[in-house]
Amino acid sequence: MQKTKQDPTQSGQWIKDKIIEFKNKGQFAAMIQWLDKRLADPELDDRSLQAKLYNELGLAHLAQDRPEKVRTCYEKALALVPDHVNALYNLANLDLGSGFYTAALDRFSKVLDLAPDHAGALYNSALCHALEGRIRVALPLFVRVTQINPLYMSAFYWAGECQLNLKNYDSALGCFERSAELDPDHPESARGLAICQLKTGAPGAALKTCQDLLNKTGPDPTVLKVMGDALLAQGQAEAAALCHLDMVFLDLDAKAFLVSRAKALFEKNPKTAKQYTQRIIDDLPELASAMAPIVTDEIKPETPVLPA
């Protein structure tokens, strides 16, 4: 008996290649029509292949910004194959994007049960914990991602943010150095790097990082604050005041910061504090009353109590 030649358009590889072709050309509307037709084919009885097609259909609808269709597609894929890793992961990402962190964590956990080294699921699990304030839970997960994929810039960045939150400045510095190296145009990494450089006793490096960032992205309150503090650490009181004054044009609350920074500075270095304060008052005379005790020496530095 002569064997019937298999239709090549029914093979999994041909279907995979066709999907890749649609994606490469950005033809998502055509891809949706093609997938709908395939899934309606009564001869398509391979549940695994059906699940894959529903997952791809969800991705195509996502690319077309049709969120109401996306979740249904992933759910249909999971109804066919409950341990379909990609559909589980994609559905978890929808939950994460909607702020449903508990549901997202549950699904990411299922993904990790099936694929323990799934970097995306580890990273997004850590992100859920971080966004809900569980920094100590999130940190080792971000670190694990960097071990699995040393090019995962966002994982290094978030590990740095966690370390910074925990005041582990040396560890945070290394993370921000790596994330900034992987993406030199990522301003958040540069900001974290500048903060850690200042905290670890390198104000000169912090100044350079801040100046480079300001040249790239323009004025930023946090960068100006760090830059001014770095100038203060180098004893450049007037330059620091000018830098901090620039914050007022971006953030009205910066006036309160200027007063508190001047008072804190007076506790450590009255002479520098006076220079800093006078420059602030010259530009913002409305702060003269709040800062007058510094200029007139009415605020006295705390005297350390010596042992008897």
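Note that this is a predicted model, so its numbers are computed, not measured. Positions are given from 1, in the same order as the sequence printed here.
- For Thr217 (side chain) and Leu214 (main-chain N/O), no donor-acceptor pair under 3.5 Å exists by modelled atom type.
- Heavy atoms from other residues, nucleotides or ligands lying under 6.0 Å from CZ of Arg134 number more than 12.
- Listed by chain and number, the residues in a salt bridge (Lys or Arg N to Asp or Glu O under 4.0 Å) with Lys76 amount to none (sequence neighbours excluded).
- For Lys37, there are no side chain to side chain contact (heavy atoms under 4.5 Å, CB included) partners at least two apart in sequence or on another chain.
- Between Leu198 and the choices Thr209, Asp229, Leu193, Leu207, the side chain to side chain contact (heavy atoms under 4.5 Å, CB included) rule is met once, by Asp229.
- Remark: Phe100 CZ is loosely packed, at most 12 non-hydrogen atoms of other residues, nucleotides or ligands lying under 6.0 Å away.
- For Tyr123 and Phe142, the distance between ring centers is under 6.0 angstrom.
- Ion pairing between Asp212 and Lys216 fails under the 4.0 Å rule for side-chain N and carboxylate O.
- For residues 64-75, the set of pairs meeting the side-chain hydrogen bond (donor to acceptor under 3.5 Å, both in side chains) definition, not counting sequence neighbours, comprises Arg71-Asp95.
- Ion pairing between a basic and an acidic side chain is recognised when a charged N comes within 4.0 Å of a carboxylate O; Arg144 and Asp117 show such pairing.
- The pair Lys263-Glu267 fails the salt-bridge criterion, with no side-chain N (NZ, NE, NH1 or NH2) lying under 4.0 Å from an Asp/Glu carboxylate O.
- Shown here is Leu151, whose CG atom has more than 12 heavy atoms of other residues, nucleotides or ligands within 6.0 Å.
- Under the 4.5 angstrom side-chain criterion for Ile, Leu, Val, Met, Phe, Trp and Tyr, the cluster partners of Val143 are Ile135, Leu139, Leu166.
- Note that the NZ atom of Lys225 and the CZ atom of Arg191 stand 13.0 Å from one another [nearest 0.5 Å].
- Looking at heavy atoms from C-beta onward, Lys208 lies out of side-chain contact with Gln211 at the 4.5 angstrom threshold.
- Checked against salt bridge (Lys or Arg N to Asp or Glu O under 4.0 Å), Asp170 has no partners two or more places apart in sequence or in another chain.
- For the atom pair CG of Asn93 and CG of Asn124, the computed distance is 5.0 Å after rounding to the nearest 0.5 Å.
- Taking the six-membered ring where tryptophan is involved, the planes of Tyr157 and His186 are perpendicular, since the angle between them exceeds 60° and thus also 30°.
- Between His244 and Tyr276, the ring-plane angle classifies as perpendicular under the 30° and 60° cut-offs.
- For Arg279, the salt bridge (Lys or Arg N to Asp or Glu O under 4.0 Å) test picks out Glu238, Asp283, with sequence neighbours left out.
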